[in-house]
Colleague: 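Please read through the structure below; I'll follow up with questions.
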Protein chains: 2
Amino acid sequence: MHVAADTEAGPYRVPLSRDRVLRAAVRIADEAGIGALTMRRLAEELGAEAMSLYYHVANKDEVLDGIADVVAREINEVVDALDVPSAGAQWKTAVRRRILAAREVLLRHPWAPAVFETRAAMSPEILLYHDRLLGLMRDGGFSYDLGHHALHALGSRALGFSQELFDPGDGSGADEALAGFAERLPHLVGMLAEIAHDDPDSTLGWCDDQAEFEFGLDLILEGLDRLRERSS
Amino acid sequence: MHVAADTEAGPYRVPLSRDRVLRAAVRIADEAGIGALTMRRLAEELGAEAMSLYYHVANKDEVLDGIADVVAREINEVVDALDVPSAGAQWKTAVRRRILAAREVLLRHPWAPAVFETRAAMSPEILLYHDRLLGLMRDGGFSYDLGHHALHALGSRALGFSQELFDPGDGSGADEALAGFAERLPHLVGMLAEIAHDDPDSTLGWCDDQAEFEFGLDLILEGLDRLRERSS
DNA sequence: ACCTGAACACCGTTCAAGT
DNA sequence: ACCTGAACACCGTTCAAGT
């Protein structure tokens with residue numbers, strides 16, 4: 001059972017807030033699994049009634065979006081504190097360190113990849129994470145095209161996703177979502193600009209899933225084949 | 001709205017059966033998403049009451065296990081009909097064809113990977129699928145050790161999973177699950193035997209997730225690095 | 001043997017009402 | 001401004017009862 005962390009004297013309860021609601025939600029998901037996260041259980045954790053939550057969040061969907069964002073922010077904090085040289089051939093160690101650091105955070109929130117997968121593809125924090133990853137590859141001399149393939153190929157490994165990354169349902173609305181804070185996503189924006197130049201009809205929803213899937217698959221198969229030859 | 005496919009005259013309704021229940025469940029998930037699959041909706045699809053379902057399946061969990069198995073069986077049917085030479089260097093095309101064929105089936109049941117991920121790790125059909133895949137790699141000269149790494153590395157690509165493959169929760173019970181029809185899983189059993197020989201304390205739950213994650217990650221990074229060098 | 005109606009303990013959410 | 005009680009339309013599931 002959780003007791004209020006607040007030690008202020010008197011009978012006054014800590015007031016609810018969007019932030020407290022989301023932090024409590026993460027706590028429940030961590031300790032009891034995402035299935036245990038119900039509005040009633042969440043209210044109980046906060047010593048309130050379920051209906052009080054609706055003053056601070058619109059609905060449960062917003063809670064799920066919110067906790068995905070909390071974890072993504074935690075990942076970015078850990079990962080941005082890393083300081084690994086990434087010029088030239090060093091890109092590989094830099095990307096490796098970043099992804100392994102992100103994975104450590106995710107292991108503390110095992111429910112997070114599944115939540116990301118259903119809703120967070122376009123969350124600002126997730127976009128920042130991938131922009132930085134693409135930045136490291138650019139430091140290593142990647143073209144935007146290769147960087148783009150690489151993000152797809154790393155896919156699940158980068159953030160625990162299993163399927164497509166930036167696929168915003170029907171493919172529309174993605175550019176708009178980006179436009180808002182484009183100046184903070186130089187690499188993603190640069191990549192999209194080049195793609196738009198090469199293929200004027202393209203949008204962010206443009207990725208050829210089949211081609212990307214095959215790119216990643218072939219990368220793995222060729223790597224395995226080299227190991228096979230080396231061992232025989 | 002779905003009308004009964006049965007054309008038999010008379011007022012007699014087609015009786016329910018476990019098979020009809022599962023096929024209806026797959027139909028609902030395909031057409032309306034896994035979220036629309038409720039016991040009441042499922043009964044409606046079959047022209048019965050929700051409570052009638054419980055005579056044919058124990059509970060909803062069994063329905064979910066069941067539909068995962070239906071899709072896995074469909075994959076195995078498609079994939080076993082393939083006849084691609086796999087000796088030596090041809091293993092790669094053989095594995096490639098198989099995985100792409102499996103993916104085509106999964107694209108018809110987009111809800112399936114998520115369902116697999118939560119429950120089907122040890123389903124017989126899933127085990128068969130991976131046994132065959134491992135068999136193709138053996139044809140290509142893979143050691144069991146390399147084949148084992150390869151199954152992890154292909155991971156999500158092989159069946160749309162994002163996380164670990166054979167991880168049966170606490171790691172126990174896996175050997176027992178296999179023992180039942182071991183003679184039909186020659187490759188997996190061979191692999192496990194070798195692992196048991198090398199490490200007598202091991203079980204199927206033994207896999208070092210971190211090591212496997214890094215193996216797959218490095219395979220991709222090294223592949224990308226080669227493409228980078230080639231393009232500069 | 002197979003199916004069902006009523007009922008229970010849960011969900012998320014609305015809405016009018018409290019302070 | 002912030003919180004709540006009663007209520008609604010849903011869930012999965014049990015159990016006694018129907019044919």
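We use all heavy atoms of the structure for the numbers below, so side chains are in, but hydrogens, waters and symmetry mates are not. In what follows, every chain begins at residue 1, and chains take the letters A, B, ... in the order their sequences are listed.
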Colleague: Can you tell me the distance, in whole Å, between the CD atom of Glu44(A) and the C1' atom of dT4(D)?
Modeller: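 Going from CD in Glu44(A) over to C1' in dT4(D) covers 16 Å.
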
Colleague: Does Glu74(A) come within less than 4.0 Å of Arg108(A), counting only side-chain N to carboxylate O?
Modeller: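 Judged by the 4.0 Å cut-off on N to carboxylate O distance, Glu74(A) and Arg108(A) do form a salt bridge.
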
Colleague: Taking NZ, NE, NH1 and NH2 as the nitrogens, is one of them in Arg18(A) or Glu62(A) under 4.0 Å from a carboxylate oxygen of the other?
Modeller: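 Counted as a salt bridge, because a side-chain N and a carboxylate O are separated by less than 4.0 Å.
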
Colleague: Quickly work out the His56(B) NE2 to dC2(C) P distance and round it to whole Å.
Modeller: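 After rounding, the reported distance stands at 6 Å.
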
Colleague: Do the side chains of Arg41(A) and Glu45(A) get close enough for a salt bridge, i.e. N-O under 4.0 angstrom?
Modeller: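 Salt bridge between Arg41(A) and Glu45(A), a charged N being under 4.0 Å from a carboxylate O: yes.
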
Colleague: For every nucleotide of nucleotides 12-19 of chain C, 5' to 3': is a protein heavy atom under 4.0 Å from its base (B), only from its sugar-phosphate (S), or from neither (-)?
Modeller: BBB-----

Colleague: Separation of Glu49(A) atom CD from dT4(D) atom P, in whole Å?
Modeller: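 My rounded result for the distance is 5 Å.
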
Colleague: More than 12 non-hydrogen atoms from neighbouring residues, nucleotides or ligands closer than 6.0 Å to CG on Asp83(A), yes or no?
Modeller: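 No.
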
Colleague: Taking only the side-chain nitrogens and oxygens of Tyr55(B), find out if one of them lies under 4.0 Å from OP1 or OP2 of dC3(C).
Modeller: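 For dC3(C), OP1/OP2 do not have a side-chain N/O of Tyr55(B) under 4.0 Å.
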
Colleague: Using whole Å, what does the distance between atom C1' of nucleotide dC2(D) and atom CG of Leu53(A) come to?
Modeller: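 Result: 13 Å.
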
Colleague: Taking Watson-Crick (N1-N3 plus N6-O4 or O6-N4) and G-U wobble (N1-O2, O6-N3), each under 3.5 Å, can you produce the dot-bracket string of DNA chain D? Use [ ] for crossing pairs and | for inter-strand ones.
Modeller: ||.|||||...|||||.||

Colleague: Hey, is Arg73(A) close enough to Glu77(A) for a salt bridge, meaning N to O under 4.0 Å?
Modeller: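 Here Arg73(A) does not pair with Glu77(A) in a salt bridge, since their nearest N and O are not under 4.0 Å apart.
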
Colleague: Where do Asp69(A) and Ile126(A) land on the side-chain contact (heavy atoms from CB on, under 4.5 Å) test, with the steps shown first?
Modeller: CA-CA 8 Å; Asp69(A) 204 58; Ile126(A) 301 279; over 6 Å; no

Colleague: Taking C-beta and beyond as the side chain, do Ile99(B) and Arg103(B) meet within less than 4.5 Å on heavy atoms?
Modeller: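 A side-chain contact under 4.5 Å is absent here.
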
Colleague: Do the charged groups of Arg98(A) and Asp80(A) touch, with an N to O distance under 4.0 Å?
Modeller: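 Salt bridge present between Arg98(A) and Asp80(A).
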
